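The structure under discussion appears below in the form of C-alpha cells.
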2 protein chains.
Amino acid sequence: MLETSARLLKLLSLLQVRRDWTGAELADRLEVTTRTVRNDMERLRALGYPVRATPGVAGGYRLDAGAHVPPLLLDDEEAVAVAVSLRTAAGGSVTGIEEMAARALVKLHQVLPSRLRRRVDALQAAVVPAPPWAGPGADAGVLTTIATACRDHERLRFDYRAHGGGESVRSTEPYRLVHTGRRWYLVAWDLDRDDWRTFRVDRVRPRTPAGPRFTPRPLPEGGDVARYVARNAGAATWRYRARVVVHAPAERVARRLPMPVEIRPLGPDRCVFEPGSDDPLALAGYLTLLGEDFTVEDSPELTAALRTLAARLLRATGEPPAPR
Amino acid sequence: MLETSARLLKLLSLLQVRRDWTGAELADRLEVTTRTVRNDMERLRALGYPVRATPGVAGGYRLDAGAHVPPLLLDDEEAVAVAVSLRTAAGGSVTGIEEMAARALVKLHQVLPSRLRRRVDALQAAVVPAPPWAGPGADAGVLTTIATACRDHERLRFDYRAHGGGESVRSTEPYRLVHTGRRWYLVAWDLDRDDWRTFRVDRVRPRTPAGPRFTPRPLPEGGDVARYVARNAGAATWRYRARVVVHAPAERVARRLPMPVEIRPLGPDRCVFEPGSDDPLALAGYLTLLGEDFTVEDSPELTAALRTLAARLLRATGEPPAPR
DNA sequence: GCCAATGCGGAACGGTTCTTTCCGCGATCG
DNA sequence: CGATCGCGGAAAGAACCGTTCCGCATTGGC
C-alpha cells in the first residue's frame with residue numbers, strides 16, 4: 001500500500017501544519033472517505049503517535065505530544081530556519097548545545113535540497129550576528145504561545161503592561177505576529193475595545209487556559225499587517241541615538257561589530273556609524289568591545305554613560321575614582 | 001499495511017542516522033529479506049525521496065538531497081538542540097530569520113514530548129546566551145563537513161594551519177569532534193604520521209573531494225576521547241585568570257553573566273567568580289556589560305586592561321584623559 | 001583479469017490488508 | 001433538544017505485500 005504510507009505521511013504533515021482538523025476536512029484533503037481517515041488515525045496511534053480526537057460540535061483531531069518525537073515535516077522556510085539556527089548554535093553562539101546541534105545539523109544537511117542549502121549559506125553570511133545592545137530578545141515561550149494561538153485561531157487572554165506601567169487584562173483574537181527591526185508585535189482584535197490593536201510581545205504575559213476557537217475576520221489595512229503595525233506601533237524607534245566615530249579602518253570595525261548598522265568610512269583610518277539604543281549604558285558596554293579608540297558625538301546620554309562606566313572600571317582596579 | 005508504513009519510516013530514519021547502508025544491513029535491521037528492502041527503496045523513490053544506490057563492493061544505499069525536505073526523524077537530543085536553537089533565533093539573537101524560526105518552533109513545540117520540553121526550558125535558561133569573550137565561533141560549514149566524515153567513516157584531507165602559521169596538508173581518518181569550553185577539536189588518525197592526532201577545527205580547511213570509506217580502529221585512551229583531547233591539546237586553558245568580586249547578589253549576576261563560570265556568593269550582596277581569558281582587554285570589555293560594580297583581584301593584566309579601557313572611554317567623551 | 005560484494009528486477013504464490021459502504025451509538029456544545 | 005462530531009463493527013471485492021528463486025550488471029581490490 002504505497003497509497004496508505006503516503007497518506008499517513010501526509011496526514012502527519014497536515015496535523016503539524018494546523019492543530020485541529022475535523023475528519024471531514026482531512027478526508028477531503030486526502031481524497032478518501034472519513035472512515036478511512038478514522039482507520040488512518042488508528043494506524044497512527046498504533047505507530048505510537050498520540051492522536052487525540054474530541055467529539056462534539058467543536059471537535060476534531062489533533063496530534064499531541066507523545067513519548068517520542070514524531071517525524072518533523074518542515075516546509076522550505078522552516079527547514080532553512082532550522083539549519084541557520086543550528087549552525088549558529090553549533091558554531092558556539094549558543095553555548096551548551098554545540099554537540100547536539102552539530103549532530104542534528106549533519107542529519108539535516110545531508111537531505112537539504114541544494115537550493116535551500118544556498119539560501120542557508122546566504123542567510124548565514126548576511127544575518128547571523130548576535131544582538132547588539134538592544135535589550136534582551138523576546139521571550140521564546142511567550143512567542144510560541146502567541147504564535148500557536150494565531151495559527152489555531154484560539155482566543156488569547158493576557159496581562160498587558162502598558163507603556164506607562166499599568167497592567168491590564170486583555171481578551172483578544174490573535175491574528176499575526178509581526179517582527180520589525182528588533183521587536184515582536186501582536187496584531188489582534190481586542191474583544192473588550194471591539195477594535196484592532198497592536199501589542200508589544202515583550203509586554204505580554206499570557207494567561208494559561210487556551211481560549212475557545214474563533215472564526216477569523218478580515219484583517220485591517222486590507223491584510224497588509226506590516227504596514228498596520230508600522231503605522232500604529234511607531235515601530236522600531238530607539239529612545240537614544242548617537243554618532244560614533246571610530247579611529248580605525250571601516251573594514252576592521254565592521255568585522256568586530258557584527259550588527260545591522262551601516263558603517264561609513266571617513267578616510268583610511270576613520271569611520272562612523274550611528275547606533276541606536278534604549279539603554280545608553282548597555283550601548284557603552286558594547287562599544288568597549290570594539291577594541292578601538294572612538295569618539296562620541298551628539299549624545300549627552302551616551303557621554304554620561306561612558307563616564308559612569310569609566311568610573312566603574314577605575315573603581316574595579318581598586319584605585320580611587322578619577323576626579324571629575 | 002501498518003507493517004509497511006512503519007518500516008518505511010524506520011528506513012527513512014536509518015538513512016538519516018548514517019549515510020551509507022548495504023541492503024543486507026538494512027534487511028537485518030528491519031527483519032525482512034533484501035528483496036523487501038529493494039521493494040521499499042522503490043517505494044521511497046515513488047514517494048519522492050531520492051534514494052541513490054551504488055552497486056559494487058563498496059556500494060550501498062544513501063538518501064540524497066532531493067527536491068523537497070524529507071520528514072526529519074530526530075532523536076531526543078537532536079530535537080532539544082533544534083528547539084533551543086530555534087528559540088534563540090526566534091527571540092532575536094539571530095537576526096533575519098525570526099519569523100521562519102518562530103513558525104518552525106510552533107510546529108516542533110506542539111509535538112515535543114513534555115520531558116523534552118522541560119529539558120529545553122532548562123537549557124534555555126541556563127545556557128542560551130551568546131558567546132563570552134572567546135573569539136568568533138567555529139565555522140559551521142567546516143564543522144558539518146567534519147562531522148559528516150566522522151559519522152560516515154570517510155577519509156578527510158584538509159589544509160591545516162599550525163600554531164606557528166605554516167600550512168600543511170593532512171590525510172586523516174576522522175573519528176570524533178570534541179567540544180571543550182570554547183573550541184572544537186577533531187580527533188583523527190593521521191595517515192602520514194601513522195598515529196593519533198588532535199586538530200583544532202578553526203585551523204582546518206577541508207579539501208573538497210570526500211575520501212573513500214575506512215574501517216574504524218579502536219580509539220586511543222580506551223575510547224575516552226575527551227580525556228585524550230584534554231591531555232594532548234592543552235585544551236581550554238586560559239592564558240590569564242582573574243578573580244572578580246561583584247557587588248551584587250549572585251542570582252542577579254548569574255542572570256546577566258551568561259557564561260559557563262561558577263559564581264559563588266559572598267553574602268547577600270556580593271559574589272565572586274574566576275573568569276579566564278586569552279585577551280584581558282576583551283574580558284574587561286565583557287565585564288562592563290555586567291552593569292554592576294565589581295573589583296578585580298590578583299590579576300595585574302586585567303587591572304591594566306581596565307585602566308586602558310577607562311582611559312579610552314574618557315577619551316571618547318572628548319574629555320582629556322584622567323590623570324594617573 | 002578475476003572474484004567477491006553489491007544492487008536490480010521479473011515471476012509466481014499464498015496470505016493479508018485496505019477501502020469502501022452502511023449503520024447505529026455516544027459525546028459535546030449551544 | 002438538535003446539530004455536529006468521532007467511533008467502530010460487518011461485509012466484500014480488490015489490491016497489495018513479502019517471500020522465494022533466479023540470472024544479470026556494476027564496482028573495487030587483489
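We name chains A, B, ... by the order of the sequence lines, and we start the count at 1 in each one. These figures come from a predicted structure and were not determined experimentally.
The stretch residues 24-36 of chain A comes close to DNA chain C through A:Val32, A:Thr33, A:Arg35, A:Thr36, each having a heavy atom under 4.0 Å from the strand.
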Please list each protein N or O that sits under 3.5 Å from an N or O in nucleotides 27-30 of chain D, with the distance.
| residue | atom | partner | partner atom | Å |
| --- | --- | --- | --- | --- |
| D:dT27 | O2 | B:Val57 | N | 3.2 |

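Protein atom CE of B:Met41 is 13 Å distant from nucleotide atom P of C:dG9, rounded to whole Å. The CG-P distance, from A:Asp40 to D:dC7, rounds to 13 Å in whole Å. Between the P atom of C:dT17 and the CD atom of A:Glu42 lies a distance of 13 Å, rounded to the nearest Å. Spacing between atom CZ of A:Arg52 and atom P of D:dC5 amounts to 18 Å, rounded to whole angstrom units.
Of the two residues near DNA chain C, A:Asn39 and B:Thr54, the one whose nearest nucleotide lies more 5' is B:Thr54.
For residues 24-51 of chain A, the pairs satisfying ring-ring contact (aromatic ring centres under 6.0 Å, His included) are A:Tyr49-A:His68, with sequence neighbours left out. For residues 140-151 of chain A, no residue pair satisfies the salt bridge (charged side-chain N to carboxylate O under 4.0 Å, His left out) rule, not counting sequence neighbours.
Between A:Leu143 and B:Glu98, the closest side-chain pair of non-hydrogen atoms is not below 4.5 Å.
For B:Arg43, a side-chain nitrogen or oxygen approaches OP1 or OP2 of D:dG18 to under 4.0 Å. Under 4.0 angstrom from either OP1 or OP2 of D:dG6 there lies no side-chain N or O belonging to A:Arg45. Distances shown here put a side-chain N or O of B:Thr4 below 4.0 Å from the OP1 or OP2 atom of D:dG18.
Ion pair A:Arg43/A:Asp40 flagged as a salt bridge, since at least one NZ, NE, NH1 or NH2 atom sits closer than 4.0 Å to an Asp/Glu carboxylate oxygen.
Candidate nucleotides D:dG18, D:dG6, C:dG7 were compared by shortest atom distance to the side chain of A:Ala53, and D:dG6 ranks first.
Of the residues A:Tyr185, A:Trp184, A:Phe158, the one that meets the side chain to side chain contact (heavy atoms under 4.5 Å, CB included) test with A:Val204 is A:Phe158.
With B:Asp190 contributing its side chain and B:Asp192 its backbone, the two residues share a donor-acceptor pair below 3.5 Å. Formation of a donor-acceptor pair under 3.5 Å by the A:Glu167 side chain with backbone atoms of A:Asp159 is not found in this model.
At a cut-off of 3.5 angstrom, the base of C:dG9 holds at least one donor-acceptor pair with the side chain of B:Arg38.
Under the side chain to side chain contact (heavy atoms under 4.5 Å, CB included) criterion, A:Leu105 pairs with A:Leu86, A:Arg87, B:Thr144, sequence neighbours left out. In this structure, the salt bridge (Lys or Arg N to Asp or Glu O under 4.0 Å) partners of A:Arg200, at least two apart in sequence or on a different chain, are A:Asp202.
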